[in-house]
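Here is the structure we will look at, set down as structure tokens.
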Amino acid sequence: MTAASTAMVMAEGVRKSFGRLEVLKGIDLQVDRGEVMCILGPSGSGKSTLLRCINHLETVNAGLLYVDGQLVGYKRRGGVLHELRDHEIAARRRDIGMVFQRFNLFPHMTVYDNVVEAPIRVRGLNRSEASVKADELLERVGLADKARAYPNELSGGQQQRVAIARALAMEPKLMLFDEPTSALDPELVGEVLDVIRDLAKSGMTMIVVTHEIGFAREVGDALVLMDEGVVVESGAPRDVIANPQHERTKAFLSKVL
């Protein structure tokens, strides 16, 4: 059995350019099932672009990406890669939950409707099934009492917790978090990290782009530092944070610790 089939996420030589700007310059990494990988790095290092490629919101220019043993964006036929059609991409994307820096909730919908919309429309659940799931998830993220509220009636931390519940409602195999606390006031960061912590304990496979070093040390199973489109250093979070081997890692950590 190949590593690509045993890992939840496998990147092999992944490159991505926007015009002349090469943002990812040959990324290799592996995220095993049930693992939490935290990605650190300065702005512009390619962290968010990598997540968007994993979710096929961006198409890679070179290299291969696998999620749960399947090529992202392509299928192999007769030794040749063929790009998936839009409906095939959408079908695979259903298994990947993504939470952005900004909450991207539907402002005209209640919290409850934000959570049930995709399972009904995309997964084909009936409303009663979706309703039960929404109630469970809102309870899980501590917002059962806000089901009938609208996003503009919530704090930033509450909105981000709704965004997490909405992603979980699709029952994803993999959760991607793109700096989920960076748009929040400092006092609201903890409530969102607590929800992600709970997900980690439940065994959810996650990739978390974050600047929260303490969270990465406590919750992460693996830590990657990216800079200028490459993986500079990777390893166990406590080891990398306490004893970085690369000068770039030392310089970055000295500014954020």
Side-chain angles (χ1 to χ4, degrees), residues 2-33 35-77 80-102 104 118 122 163-164 167 170 172-180 182 196 204-211 216 220-234:
T2 66
S5 64
T6 59
M8 180 59 77
V9 178
M10 173 73 75
E12 299 176 350
V14 170
R15 294 180 177 270
K16 175 63 182 176
S17 298
F18 296 97
R20 294 175 136 185
L21 177 64
E22 190 174 29
V23 178
L24 300 178
K25 303 174 182 177
I27 299 292
D28 296 304
L29 59 79
Q30 178 176 327
V31 184
D32 291 328
R33 288 178 174 80
E35 186 175 56
V36 180
M37 175 175 283
C38 293
I39 303 181
L40 306 179
S43 296
S45 58
K47 308 182 302 293
S48 296
T49 299
L50 177 60
L51 290 194
R52 291 177 65 84
C53 288
I54 291 170
N55 204 20
H56 204 62
L57 294 171
E58 301 288 351
T59 304
V60 302
N61 299 120
L64 298 173
L65 262 174
Y66 297 87
V67 171
D68 198 20
Q70 290 189 313
L71 274 168
V72 174
Y74 297 91
K75 57 187 171 185
R76 197 187 300 273
R77 204 165 51 225
V80 178
L81 293 181
H82 298 269
E83 192 160 5
L84 295 179
R85 297 174 180 175
D86 288 347
H87 74 275
E88 294 172 308
I89 292 168
R92 291 193 184 181
R93 193 180 285 141
R94 293 184 313 194
D95 293 327
I96 304 173
M98 187 156 181
V99 177
F100 300 86
Q101 296 176 35
R102 297 288 172 180
N104 293 343
V122 180
I164 294 171
M170 292 293 287
K173 301 174 182 177
L174 169 68
M175 284 287 287
L176 308 176
F177 292 91
D178 188 4
E179 298 190 29
S182 65
I196 302 174
M204 174 66 74
T205 309
M206 297 188 282
I207 303 177
V208 186
V209 171
T210 184
H211 290 298
D221 299 301
L223 186 146
V224 165
L225 181 92
M226 288 181 62
D227 188 34
E228 296 185 352
V230 300
V231 172
V232 174
E233 188 162 347
S234 62

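Side chains included, hydrogens not; waters and symmetry mates left out as well; all remaining heavy atoms used.
Between L64 and R76, the closest side-chain pair of non-hydrogen atoms falls below 4.5 Å. Residues F100 and L51 have side chains not in contact (no heavy-atom distance under 4.5 Å, counting atoms from C-beta outward). Two residues are said to be in side-chain contact when any heavy atoms from C-beta on lie closer than 4.5 Å; V9 and M37 fail this criterion. Annotation: side chain of V224 is in contact with side chain of S234 (closest heavy-atom distance under 4.5 Å). Taking 4.5 Å as the limit, every side-chain heavy atom of K173 sits out of range of all side-chain heavy atoms of T205.
Residues that satisfy the side chain to side chain contact (heavy atoms under 4.5 Å, CB included) test with K25, not counting sequence neighbours, are R15, E22, E228, V230.
With hydrogens and angles disregarded, no donor-acceptor distance shorter than 3.5 Å links the side chain of D68 to the backbone of M8. Side-chain atoms of R94 do not come within 3.5 Å of backbone N or O of M170 as any donor-acceptor pair. A donor-acceptor distance shorter than 3.5 angstrom exists from the side chain of R92 to the backbone of L71, with no hydrogens or angles considered. Judged purely by atom type and a 3.5 angstrom limit, D221 uses its side chain to pair as donor or acceptor with the backbone of V36.
Between L65 and A11, the closest heavy-atom pair is CD2-CB, 3.7 Å. The two atoms that bring D227 and S45 nearest to each other are CA-CB, 3.6 Å, heavy atoms only. The shortest non-hydrogen separation linking G46 to V23 is CA-CG1, 3.8 Å. Residues G220 and C38 come closest through the heavy atom pair CA-SG, 4.0 Å. Between A167 and G97 the shortest heavy-atom distance is CB-CA, 4.2 Å. The heavy-atom pair separating I27 from G229 by the smallest distance is CD1-O, 3.3 Å.
Interatomic distance, H82 NE2 to R77 CZ, rounded to the nearest 0.5 Å: 4.0 Å. Rounding to the nearest 0.5 angstrom, the gap separating the CG atom in N55 from the CD1 atom in I89 is 11.0 Å. To the nearest 0.5 Å, the span separating CG on L174 from CZ on R33 amounts to 10.5 Å. Atom CG of L50 and atom NZ of K16 lie 12.5 Å apart (nearest 0.5 Å). Within the model, atoms CD of Q30 and OH of Y66 stand 12.0 Å from one another, a figure rounded to the nearest 0.5 Å. Between atom CZ of residue R52 and atom OG1 of residue T59 there is a gap of 10.5 Å, rounded to the nearest 0.5 Å.
Under 4.0 Å is where a charged nitrogen must lie from a carboxylate oxygen, and between K47 and D178 no such pair does.
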Next item on the list: Show your working on side-chain contact (heavy atoms from CB on, under 4.5 Å) between K75 and L84 and close with a plain yes or no.
Entry: CA-CA 7 Å; K75 57 187 171 185; L84 295 179; 3.8 Å; yes
Next item on the list: For the pair M226 and L24, evaluate side-chain contact (heavy atoms from CB on, under 4.5 Å) and give the outcome as yes or no after the intermediate values.
Entry: CA-CA 10 Å; M226 288 181 62; L24 300 178; 3.9 Å; yes
